[in-house]
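Okay, so here's the structure we're looking at.
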Amino acid sequence: MNVASLTIDQVRAGLRAKEFTATELAQAALDFAAAENAKTNAYLHFSAERALSAAAEVDAALGRGEDPGPLAGVPIAVKDVILVKDVRNTCASRLLEKFVAPYDATAVQRLEAAGGVIIGKANCDEFAMGSSNENSAFGPVRNPVALDRVPGGSSGGSAAVVAQGTAVVSLGSDTGGSIRQPASFCGVVGVTPTYGRVSRYGLVAFASSLDHIGPFARNVRDAATLLQSIAGRDPADSTSAFAPVADYSGAMTGDIRSMRLGLPKEYFAGLESETGGLVEKGIAALRRLGAEVREVSLPNTEYAISCYYVICTAEASSNLARYDGVRYTSRAAGANSLAGMYRETRGEGFGAECKRRIMLGTYVLSHGYYDAYYIKAQKVRTLIARDFANAFKEVDALITPVSPFPAFKLGEKLDDPMQMYLSDIYTITGDIAGIPCMSVPCGATHDGLPVGMQILTNHFEEAAMFRIAEAFERNGGIAAA
Ligand code: GLN
């Protein structure tokens, strides 16, 4: 058994043929992950006990001749902002270094109900704020493809573990690109479902109106299988959607003839030429497969980053207010007043990026600035969503780059937050509109750095998105061009 390259289908086949047991696979994945972690720092901690007991249940079910579920025995990593009961959940913050999750996120419950085996918690940017994983209080993650480079962020650990093969699939979270950008940097598939498609219950809130949980995988089919297992209404999250979950696997027919694909012209300006060239090849391949490609326009794209940083900081300043030393976190010693305790706990606990966002968000929500910034940003959000709605009257899906450039060197953009924010220019809009979007591998630069192609569809049209991605992958990606 080679843990590093297994797919969900291969795990299923291997268990059925008794090539290995779920317990052997879990142990092998844990051992491999611990060894690889010395290189990449992609896991913050492991959940060996929980993994081995879940695996034992799968083995027992198999022994009784029962179907242990679509994810039976599959080793899975979970971003350390998604709660796994009795396992530490740090959000990559000093503040929550000792916090142990009191319950399971709904997505985690559903993974295990489908037979999944959670082996550990993946590193990320502190409270999911960042684009390079360098904002983790426990050290950055190194990109397994090129160890001197970042894996992207904020779900950098979740992307890296799938790329290095220590987990078959993983869960990340995406608020402004945090699944798709690291997926593109590490050369794996990353999916941000429609807002409300996956319950946020048990996801530590960053910006609640933008937060999504979604899968990482080494191929499109595995990502679809993972999403299929966790999607659907959850009474514990009032924003989770009632819409029925489509059959993703049945939608992946390989046939995209006469599908109408739009290229938003605003997304092809300002990207590095090698990245642009690879995405052009990806588009040529889709054309070869029979899709009809035309140019479209999303005219409000240029306001997306400003709009995002007003809304996400406003929501973050409110969501992070609870970390004050009273509950959840360790309490700063030495303060002799309540205000002093808040100040010192937060001052010591939060990293620089969190502080920057709390201050920005408090400012845009403050009396006198609320209308000028927050309300204005909400109006712009509507305009951006309307751009997409108009485009989807003409086309079935949009095809764009994921990031203007491939994985950059560790430290390269640390001193310039604006440069860092710009790396999300093509991904933020999907979260603002709440539509499904994904990154699918689209070749590599001359230096061997992976590049991703983004596919976006209308609300709850994940099935069409997977159909395009899987047809592209099945035909060899850019090789079909
Ligand atoms: N990089 C963006 C940010 O820093 C997006 C983060 C995310 O999607 N969680 O906010």
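Both ligands and their constituent atoms are indexed starting at 1 by order of listing. Quick note: numbers below take in every heavy atom, side chains included, and nothing from hydrogens, waters or symmetry partners. Numbers here simply count residues along the sequence, with the first being 1.
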Inset, instruction - Answer yes when Glu470 and Arg221 have at least one side-chain N-carboxylate O distance shorter than 4.0 Å, and no when they do not. - result: yes
Legend entry - Electrostatic pair Asp431:Arg180 at N-O distance under 4.0 angstrom: yes
Nearest protein heavy atom with distance in Å, relative to [atom]:
{"atom": "atom 5 (C) of ligand 1", "answer": "Tyr308 OH, 3.3 Å"}
{"atom": "atom 2 (C) of ligand 1", "answer": "Asp424 OD2, 3.2 Å"}
{"atom": "atom 6 (C) of ligand 1", "answer": "Ser178 OG, 2.9 Å"}

Legend entry - Contact check, Tyr421 vs ligand 1, heavy-atom distance below 4.0 Å: no
Inset, instruction - May I ask whether Ser154 has any heavy atom positioned less than 4.0 angstrom from an atom of ligand 1? - result: yes
Those atoms of ligand 1 less than 4.0 Å from some heavy atom in [X]:
{"X": "Ala128", "result": "6 (C), 7 (C), 9 (N)"}
{"X": "Gly177", "result": "8 (O)"}
{"X": "Gly176", "result": "5 (C), 7 (C), 8 (O)"}
{"X": "Phe206", "result": "9 (N), 10 (O)"}
{"X": "Tyr309", "result": "2 (C), 3 (C), 4 (O), 10 (O)"}

Legend entry - side-chain contact (heavy atoms from CB on, under 4.5 Å) assessment of Phe206 paired with Phe127: CA-CA 6 Å; Phe206 159 15; Phe127 287 101; 5.6 Å; no
Legend entry - Non-hydrogen side-chain atoms of Phe46 and Lys121 separated by less than 4.5 Å: no
Inset, instruction - Would you mind reporting whether Arg381 and Leu210 have side-chain heavy atoms less than 4.5 Å apart? - result: yes
Legend entry - Donor-acceptor pair between Ser208 and Glu315 side chains, under 3.5 angstrom: no
Inset, instruction - Would you check whether Cys312 has a nitrogen or oxygen atom less than 3.5 angstrom from a nitrogen or oxygen atom of ligand 1? - result: no
Inset, instruction - Take the angle between the ring planes of Tyr195 and His212 and call it parallel below 30°, perpendicular above 60°, tilted in between. - result: perpendicular
Legend entry - Heavy-atom proximity to atom 4 (O) of ligand 1, best of Lys79, Arg357, Glu353, Met420: Arg357
Inset, instruction - Validate the cation-pi geometry between Lys413 and Phe405: distance from NZ or CZ to the six-membered ring centre under 6.0 Å, angle to the ring axis within 45°. - result: yes
